[in-house]
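Everything below concerns the one structure shown next.
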There are 2 protein chains.
Amino acid sequence: MALTIGRVAKGAGVEISTLRYYERRGLLSRPGRTRAGYRQYPEDEVLRVRFIRRAQGLGFTLEEIRGLLALRVRGGKRCGEVASAAHATRDRLRARCRELLQMDRALSRMIRACRQGRATDACPILEALEPGVDQ
Amino acid sequence: MALTIGRVAKGAGVEISTLRYYERRGLLSRPGRTRAGYRQYPEDEVLRVRFIRRAQGLGFTLEEIRGLLALRVRGGKRCGEVASAAHATRDRLRARCRELLQMDRALSRMIRACRQGRATDACPILEALEPGVDQ
DNA sequence: GTACACACTGTACTATGGTAGAGAGTCAAG
DNA sequence: CTTGACTCTCTACCATAGTACAGTGTGTAC
């Protein structure tokens with residue numbers, strides 16, 4: 001049961017034109033077509049599109065997301081290649097997460113200061129991030 | 001010892017034009033000027049700019065970063081307001097971090113599968129994220 | 001067989017986050 | 001006092017990530 005582009009769009013909560021755009025950018029592979037030229041998507045295309053939107057929400061560019069989506073193990077071949085790409089990606093995710101947690105701690109400090117009625121005149125987020133500045 | 005725009009740019013690793021752009025967008029407050037009209041920045045402006053770049057790397061828009069930079073406790077006044085904004089921001093950071101860790105786990109699974117010579121034909125990241133799809 | 005929703009391509013426009021260049025003034029060294 | 005590096009404003013351009021629209025074809029319900 002193939003889906004039309006309209007159904008995929010509705011399912012994933014995006015515009016039809018966005019799906020065509022993703023196709024042009026190589027994030028979605030070219031689907032089959034009916035004789036009339038209508039795109040025919042497999043049902044799980046919706047999941048792929050949702051993934052794209054979530055990853056964008058996390059601050060990845062479409063280029064990066066294209067890379068994420070390309071990561072998969074194909075029959076043991078080129079495994080080393082894929083595994084090292086996966087490792088590198090994982091490292092970047094973790095670094096990102098660490099920085100988020102640093103901001104989190106800064107905010108917590110601020111909230112505490114606030115509760116105690118102390119004023120922090122300088123920006124606490126900015127201060128809190130200073131130690132990590134050189135990487 | 002005030003800094004010229006060129007020194008701030010060099011210190012923060014950005015273009016001069018970018019600093020003027022940030023000023024227009026309200027991320028940097030208008031600095032004092034010399035009689036000749038040259039901008040005069042306090043030394044810690046460099047830190048502020050570095051913070052902006054890091055936050056951008058974490059996927060925040062300039063608008064969001066403007067909000068982050070505005071969060072500070074001013075002499076106990078408007079504390080409730082600021083604290084609730086800080087809480088909300090912290091919640092968003094944590095949600096973001098959780099999603100990153102979800103992707104992290106997906107990658108780890110893939111790396112394990114790879115080591116064991118198993119092929120995962122579907123995209124493992126995509127699969128791993130499915131449970132979280134509905135929020 | 002004619003509405004009407006939906007699909008197709010192609011082009012053009014939008015917002016965000018910058019970057020580049022013109023034309024002019026400024027500062028510091030020699 | 002001139003040369004060169006730096007700064008100023010203003011306008012125009014660029015890439016990314018879409019969105020909108022024109023003009024045309026399709027599919028189905030009545």
Side-chain angles (χ1 to χ4, degrees), chain A residues 1-43 45-46 48-70 92 96, chain B residues 1-43 45-46 48-70 92 96:
Chain A
M1 273 262 315
L3 303 175
T4 62
I5 195 168
R7 291 203 143 286
V8 173
K10 185 158 271 179
V14 303
E15 298 282 323
I16 288 176
S17 50
T18 301
L19 294 177
R20 296 200 269 244
Y21 177 67
Y22 288 169
E23 186 181 322
R24 279 204 301 289
R25 293 290 306 269
L27 280 93
L28 302 179
S29 47
R30 321 220 139 165
R33 301 283 184 127
T34 63
R35 275 123 298 137
Y38 283 27
R39 287 170 181 80
Q40 290 198 293
Y41 292 100
E43 297 201 36
E45 203 72 353
V46 173
R48 196 178 175 95
V49 177
R50 284 197 194 138
F51 170 74
I52 294 170
R53 307 303 316 217
R54 293 187 72 202
Q56 276 189 299
L58 293 173
F60 293 94
T61 65
L62 292 188
E63 248 325 277
E64 289 171 321
I65 296 168
R66 220 173 51 72
L68 289 174
L69 286 168
R92 274 186 293 118
R96 220 177 249 228
Chain B
M1 273 260 319
L3 302 175
T4 62
I5 196 170
R7 291 204 144 286
V8 173
K10 185 158 271 178
V14 303
E15 298 280 325
I16 287 174
S17 49
T18 302
L19 294 177
R20 296 200 270 243
Y21 176 66
Y22 288 168
E23 188 181 320
R24 277 202 302 287
R25 293 290 307 268
L27 281 95
L28 302 178
S29 46
R30 321 220 140 165
R33 300 283 184 127
T34 64
R35 276 120 298 140
Y38 284 26
R39 287 171 179 81
Q40 291 198 292
Y41 292 102
E43 297 201 34
E45 203 73 352
V46 174
R48 195 176 175 96
V49 177
R50 283 197 194 138
F51 170 74
I52 295 171
R53 307 305 315 219
R54 293 187 74 201
Q56 277 188 297
L58 293 173
F60 294 94
T61 65
L62 292 188
E63 247 326 277
E64 288 172 322
I65 296 168
R66 220 172 51 71
L68 287 175
L69 286 168
R92 276 187 292 117
R96 218 177 250 229

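Quick note on labels: first sequence line is chain A, next is B, and so on, each numbered from 1.
Residue A:R33 qualifies as enclosed at atom CZ: its count of foreign heavy atoms under 6.0 Å is above 12.
Within residues 26-34 of chain B, the residues approached by DNA chain D to less than 4.0 Å at the level of any non-hydrogen atom are B:R33, in residue-number order.
Distance check, rounded to the nearest 0.5 Å: CD of A:E43 to CZ of A:R7 gives 10.0 Å. The line from OG of A:S17 to CZ of A:R24 is 8.5 Å long, rounded to the nearest 0.5 Å.
Counting any heavy atom pair closer than 4.0 Å across all strands shown, B:R53 reaches sugar-phosphate atoms only and no base atom. Residue-level contact check: A:R25 touches the backbone only, with heavy atoms under 4.0 Å from sugar-phosphate atoms and none from bases.
Annotation: side chain of A:E63 is in contact with side chain of A:R25 (closest heavy-atom distance under 4.5 Å).
Nearest to the side-chain atoms of B:Y38 among the listed nucleotides D:dA17, C:dT26, C:dA7 stands C:dT26. Listed nucleotides: C:dA7, C:dT26, C:dG17. Nearest to the side chain of B:L62: C:dG17.
For the pair A:L19 CG and C:dA7 C1', the computed distance is 13 Å after rounding to whole Å. When the P atom of D:dG25 is taken as reference, atom CZ of A:R39 falls 17 Å away, rounded to whole Å. Between B:E63 atom CD and C:dT16 atom C1' the separation is 11 Å, expressed in whole Å. Rounded to an integer number of Å, the gap from B:I16 CD1 to D:dT7 P is 4 Å. The distance between atom OH of B:Y21 and atom P of D:dC13, rounded to the nearest whole Å, is 18 Å. In this structure, the OH atom of A:Y41 is 12 Å from the C1' atom of C:dC8, given to the nearest Å. We find that CZ of A:R35 is positioned 16 Å from P of C:dA7, with the value rounded to whole Å. In this structure, the CZ atom of A:R24 is 13 Å from the C1' atom of C:dC8, given to the nearest Å.
Between the side chain of A:E64 and the backbone N or O of A:T61 there is at least one donor-acceptor pair closer than 3.5 Å.
Note on A:Y22: every side-chain N or O is 4.0 Å or more away from OP1 and OP2 of D:dA17. The phosphate of C:dA7 (OP1 or OP2) has a side-chain N or O of A:T4 nearer than 4.0 angstrom. Using a 4.0 Å cut-off, no side-chain N or O of A:Q56 falls inside it from OP1 or OP2 of D:dT16. Taking 4.0 angstrom as the limit, A:T18 places a side-chain polar atom (N or O) nearer than this to OP1 or OP2 of D:dT19.
Salt-bridge annotation for A:R20 and A:E23: absent, with no side-chain N of the basic residue lying under 4.0 Å from a carboxylate O of the acidic one.
No cation-pi contact links B:R92 to B:F60, judged by a cut-off of 6.0 Å to the six-membered ring centre and 45° from its axis.
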